[in-house]
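Data first, discussion second: the structure below is written as structure tokens.
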Amino acid sequence: MSGGPYPVAPRSDLNTALVWVALGAAIVVASWRMERMTAQGADLYTAPGLWPGVVGLALALLGGLLAWRSLVRAREAGWDAAAPRGETLVPTPRFALAAGLFLVYALLGVGRGLPFWLSTALFVAAFVFLFRRANRKVGDATGSDRGDAVLAVVCGVATAAVVTLVFEQLFFVRLP
Amino acid sequence: MDRSKRTTLTVAIAASLSMLVALPAAAQATWKPEKPITIIVPWAAGGSTDQVTRVTAAEIEKALGQKVVVVNQPGASGSIGTKNALEAPKDGYTWTAGAAKDLGTYAVLGMLDTKIGDWALFLNVANVSTLSVNPNTPYKSVAELVDAMKAKPGQISVATAGVNSSGHSAIEAIAKATGVKYKHVTYDGGNPAVVATVAGETDATTQLTVEQAEMIRGKKLRPLAVVGDKPIEIDGYGTIEPLTKTVANFKDPPNYFGIFIPKGVPPQVIATVEKVWNENIRNSKALKDYATSRGAQFAPASGADALKAVMPAVQVNAWQAADAGKAKVSPDTLGIARP
Amino acid sequence: MFDGLVAFGHSLASFATPMSLGLILASSLVGVIIGALPGLTATMGVALMTTLTIKMPSAQALLVLICTYVGAIYGGSRSAILLNIPGTPASAAACLDGHALAKQGLAGRAMGIATSGSVLGTLTGMFFLALFTPVLGDLALKFGAYEFFWLALFGVVIAGTLTGGDPLKGWIAGVIGILCASVGQEAVYAHDRFTFGSRDLAGGFNLVPALVGAFGFAELLMAARERALPVKVNPFDSVIPRLADVARYWKTIVRSGLIGTFMGILPGVGEDVAAWSSYAAAKRASKEPEKFGKGSIDGLMAAETGDNACVPGAIIPVLTLGIPGSAPAAVLMAAMLIHGVRPGPMIMTEAPTFVYDVVAMMMYATLGILLYGLTLTNVLIKVLMVPKPVIVPIIFVLCVVGSFAIASRLFDVWVMLGFGVVGYTLRRLDYPVAPLVLGMVLGDLMEKGLRRGLVLSDGSLGPFFTRPISAVLWITIVVVVLLKFDVVRGLFRRRPRPAA
């Protein structure tokens with residue numbers, strides 16, 4: 001390991017390391033307080049909390065090592081020294097849009113009363129249309145609103161139809 | 001005040017509505033399923049519940065003329081799949097399967113708020129456990145094993161599929177009747193427990209006979225006794241004597257398996273399945289063959305007979321849990337009397 | 001040996017039905033396409049196909065999965081050569097020389113080399129799979145609770161060490177995987193752990209939805225960040241492999257096949273490591289190491305033979321020990337369990353023909369990639385040209401519906417989403433995801449090994465250290481960790497200047 005630049009800045013490593021230490025410690029505490037089952041003849045070494053406790057301890061220790069390493073690295077190269085990746089941790093609008101669509105579909109579109117085929121068709125069509133348009137705006141694709149709308153609807157309906165038919169008629173899965 | 005009044009009203013309306021529904025239903029007793037029926041097996045694929053349920057499902061499929069789909073939803077001692085079957089729409093298209101004694105004890109263990117009376121039971125086979133040892137151990141009979149357990153309390157290891165499993169109930173019953181102590185080693189399921197005994201990691205196992213039949217036939221396990229009062233014949237091995245021969249005061253009721261439909265479904269569903277049970281399952285050669293080849297007992301039953309048959313096992317299981325301090329709710333309050 | 005051949009023959013014949021052959025053709029194609037599409041990995045492909053084949057008879061479902069797995073590892077080389085983007089992490093090594101050759105106008109020849117390397121690599125691994133599995137199965141019977149504990153720990157440690165550049169973060173990811181595995185009802189007293197009163201959580205996290213999330217959904221999120229740049233394809237010549245290339249580099253093929261298989265057998269070490277180590281070994285042995293990276297046929301052959309040999313290699317420990325050799329093999333193992341096959345030391349006793357069935361499936365998968373290697377190029381390019389906005393939502397729908405289909409539980413969809421978000425976050429912070437998967441698979445085994453061992457030994461840790469196989473295993477683990485001494489050293493490296 002030659003000195004920096006590291007893929008991730010020491011500052012961000014330190015932050016995650018602290019999360020691990022906290023998580024590990026919380027798990028150790030929870031495991032310690034977990035029912036020991038002594039009423040059913042368990043010894044300490046068969047208690048349900050033994051294993052998570054050991055693993056939580058390991059996580060806290062490894063987190064501590066990572067924190068220590070990020071301190072060493074920061075002293076060596078500075079807190080924000082990282083290999084340039086041309087991207088930041090801040091979500092791009094594109095990412096926010098995609099993540100939003102994914103979550104709305106999976107959390108609200110499935111199993112919440114809306115028929116599966118309908119929400120699927122809507123989701124795919126919306127995704128295709130919005131991203132085709134976004135790509136056109138930055139010049140990565142050609143076409144028109146109208147063409148994209150047609151493409152979007154075709155993709156949406158086709159996906160919904162094929163998925164619904166295959167799962168319900170072929171695999172006998174009752175879709176939500 | 002207001003609330004309780006409204007509840008009374010709702011109950012009254014619901015009752016009169018169900019009367020309205022029930023009347024024509026009784027008239028047209030047969031139910032023609034229009035879409036595939038799902039049976040949730042709350043255990044992993046390939047296990048004893050899964051195997052017998054798939055054989056039974058094929059028979060029901062033939063009788064009803066509709067696809068019966070078996071879905072495995074393993075986890076949390078079978079309580080997850082059972083819960084999902086309980087919460088599914090009461091349209092008669094979602095059933096579950098398993099050991100009836102489990103259904104009766106989920107509430108005691110605080111896992112699931114359901115009673116055995118909440119279900120229509122359709123039993124197919126009764127499984128019994130067999131007490132077997134690794135052939136390299138010196139124990140040739142139950143008496144020798146019990147003597148060894150008395151000489152070295154807590155040193156002879158017994159493999160089971162875990163707390164609440166059939167194997168655990170069996171060894172607990174043996175321990176109680178003979179007053180011995182054993183070392184309980186748990187595995188992921190019946191087959192892994194049997195395999196561990198074959199491999200010599202544990203000395204003995206008390207899992208279901210169906211799970212041991214192959215190994216017994218292959219001479220990789222030495223069966224000492226059937227944990228029950230009737231002998232069992234295994235093709236290619238011979239007869240295994242019952243435990244009651246050596247341990248006089250031993251009592252362990254048979255463990256019935258079956259298919260369960262939550263009550264609240266349209267009555268014609270229950271009536272139709274009951275008819276299928278009486279006409280098809282009772283005469284099913286496939287199920288009979290499955291039972292005899294695996295050392296299980298072919299025991300179809302439904303309705304009140306089924307409930308009566310499974311109660312002893314539920315009582316034993318529930319009170320075993322209560323005596324071990326595992327009960328979250330006393331079996332008494334759930335109407336399960338001490339056996 | 002002869003019995004094995006007969007059993008293998010039976011297995012081969014049993015798949016020679018129109019239905020099975022159709023499935024082989026279809027699933028190899030799906031595999032090649034998944035492999036070729038950047039961002040869709042073999043792990044994700046196998047996980048998605050597991051969900052899609054859940055209702056099929058087990059033999060056919062596993063056939064589909066193995067064809068997908070082999071196809072995906074092979075397919076990655078296509079985009080590596082044509083687009084200079086590795087389709088799967090495993091084909092990153094193939095990018096170097098493959099794309100260099102393509103720039104010289106030799107893309108067709110490069111694809112031919114990749115095809116022959118992949119086919120011969122798979123065959124090498126397959127040979128050892130058939131040869132070793134029954135023998136190792138006997139050895140594996142000597143493994144008890146203590147040994148399984150160490151073996152599982154070894155898998156997580158080595159996966160953390162070798163996948164991704166940062167062992168410390170790899171180990172952390174592994175530990176997090178182990179923790180995920182400990183959620184839910186534990187095995188000994190059926191006590192609910194970390195369930196916060198939820199009955200759904202009492203069943204723990206289902207592995208396949210978690211993997212679909214960590215590999216599928218997380219990849220879609222990664223892809224969503226980037227602008228989809230228009231694809232530029234290099235012109236290519238004939239893709240028919242040349243016998244001369246194979247004859248000339250036979251030493252490379254044999255060496256890479258052996259390295260790839262061995263890397264596969266090591267628990268947790270995947271196809272990417274196999275490709276890179278074969279590549280490095282070929283470079284060391286080559287008379288013209290300076291050509292590596294500039295269009296060396298030797299290098300491309302080594303990388304492609306190595307990663308495909310790893311596939312059967314990774315299945316060996318699945319079948320003999322119930323411990324997966326790589327991330328896709330972990331998914332494959334989960335699928336076997338869902339279909340009622342319990343891989344592990346008893347497989348030769350419980351289902352003796354199963355091992356040969358797997359070898360036969362591998363054989364057909366090899367034929368599948370050979371067929372597509374010779375024919376598919378133009379079609380594949382068209383697929384690579386399909387705009388991302390169309391592919392992404394469809395894959396996401398499959399992630400959702402597939403997670404649901406396994407057990408018809410909405411909870412599994414939420415597990416998929418949760419693991420997707422966690423997987424994405426970890427990846428963004430430079431944590432490898434493969435050890436997380438291995439941790440989830442092996443964590444359960446480790447805990448049971450530890451607790452069962454302690455019950456058997458009445459609480460003594462002695463047998464964990466003194467039993468012969470255990471001793472070998474724990475000493476190896478210590479050595480592996482110490483060999484990563486630069487990690488340890490990195491912790492203590494200081495500038496001469498004292499702390500400010």
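Atom set for the values below is all heavy atoms of this structure, side chains included, hydrogens, waters and symmetry mates excluded. Residue numbering restarts at 1 for every chain, and letters A, B, ... go by the order of the sequence lines.
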C/Phe194: partners by ring-ring contact (aromatic ring centres under 6.0 Å, His included), with sequence neighbours left out: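 C/Phe194: no ring-ring contact (aromatic ring centres under 6.0 Å, His included) contacts found.
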Any residue meeting ring-ring contact (aromatic ring centres under 6.0 Å, His included) with A/Trp20, in chain and number order, not counting sequence neighbours: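 ring-ring contact (aromatic ring centres under 6.0 Å, His included) check on A/Trp20 returns C/Tyr431.
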Pick from [options] with the largest number of heavy-atom pairs that fall under 4.5 Å of chain A:
options                      : answer
C/Val455, C/Leu454, C/Thr53  : C/Leu454
C/Leu221, C/Ile394, C/Val413 : C/Leu221
C/Asp458, C/Ile391, C/Val421 : C/Asp458

Counting only pairs under 3.5 Å, give me each side-chain donor-acceptor contact of residues 56-63 of chain A, with atom names and distances, residues two or more places apart or in other chains.
none

Side chain to side chain, C/Met446 and A/Val54, heavy atoms closer than 4.5 Å: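 No - every pair of side-chain heavy atoms lies 4.5 Å or more apart.
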Within-4.5 Å side-chain heavy-atom neighbours: A/Tyr105 and C/Val397: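 Answer yes - side chains close enough.
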C/Asp166 and A/Arg69: CA distance, side-chain angles, deciding distance, side-chain contact (heavy atoms from CB on, under 4.5 Å) verdict: CA-CA 12 Å; C/Asp166 192 339; A/Arg69 191 182 73 178; 2.7 Å; yes
A/Gly49 backbone acceptor or donor facing C/Arg193 side chain under 3.5 Å: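 Checking the backbone N and O of A/Gly49 against the side chain of C/Arg193, no donor-acceptor pair under 3.5 Å is found.
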Intermediate values then yes/no, side-chain contact (heavy atoms from CB on, under 4.5 Å), C/Glu447 and A/Val55: CA-CA 10 Å; C/Glu447 166 170 18; A/Val55 182; over 6 Å; no
Could you measure the distance from the [atom1] atom of [X] to the [atom2] atom of [Y]? Nearest 0.5 Å is fine.
X        : Y        : atom1 : atom2 : value
C/Arg451 : A/Trp51  : CZ    : CH2   : 10.5 Å
C/Ile172 : A/Leu66  : CD1   : CG    : 4.5 Å
A/Thr16  : C/Leu426 : OG1   : CG    : 9.0 Å

Test side-chain contact (heavy atoms from CB on, under 4.5 Å) applied to C/Trp414 and A/Leu107, step by step: CA-CA 8 Å; C/Trp414 305 333; A/Leu107 292 176; 3.9 Å; yes
Residues A/Ser12, C/Leu429; criterion side-chain contact (heavy atoms from CB on, under 4.5 Å); working and verdict: CA-CA 8 Å; A/Ser12 124; C/Leu429 295 167; 3.7 Å; yes
Using heavy-atom distances under 4.5 Å, tell me whether [X] contacts chain C through its side chain, its backbone, both, or neither.
X        : result
A/Ala47  : backbone
A/Arg112 : side chain
A/Leu151 : side chain

C/Phe396 and A/Phe102 aromatic ring geometry - parallel, tilted or perpendicular at 30°/60° bounds: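 Tilted.
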Under a 4.5 Å heavy-atom cut-off, does chain A meet the side chain of [X], its backbone, both or neither?
X        : value
C/Val400 : side chain
C/Leu410 : side chain
C/Leu179 : both
C/Leu461 : neither

Max heavy-atom pair count under 4.5 Å with chain C, selected residue of A/Ala106, A/Cys155, A/Pro52: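 Looking at each option in turn, the highest pair count goes to A/Pro52.
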Ring centres under 6.0 angstrom apart (C/Phe404, A/Phe116):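 For C/Phe404 and A/Phe116, the ring centres are not under 6.0 Å apart.
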Residues of residues 120-129 of chain A contacting chain C, heavy-atom criterion under 4.5 Å, by residue number: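 Residues A/Thr120, A/Phe123, A/Val124, A/Phe127, A/Val128 are the ones that qualify, each having a heavy atom under 4.5 Å from chain C.
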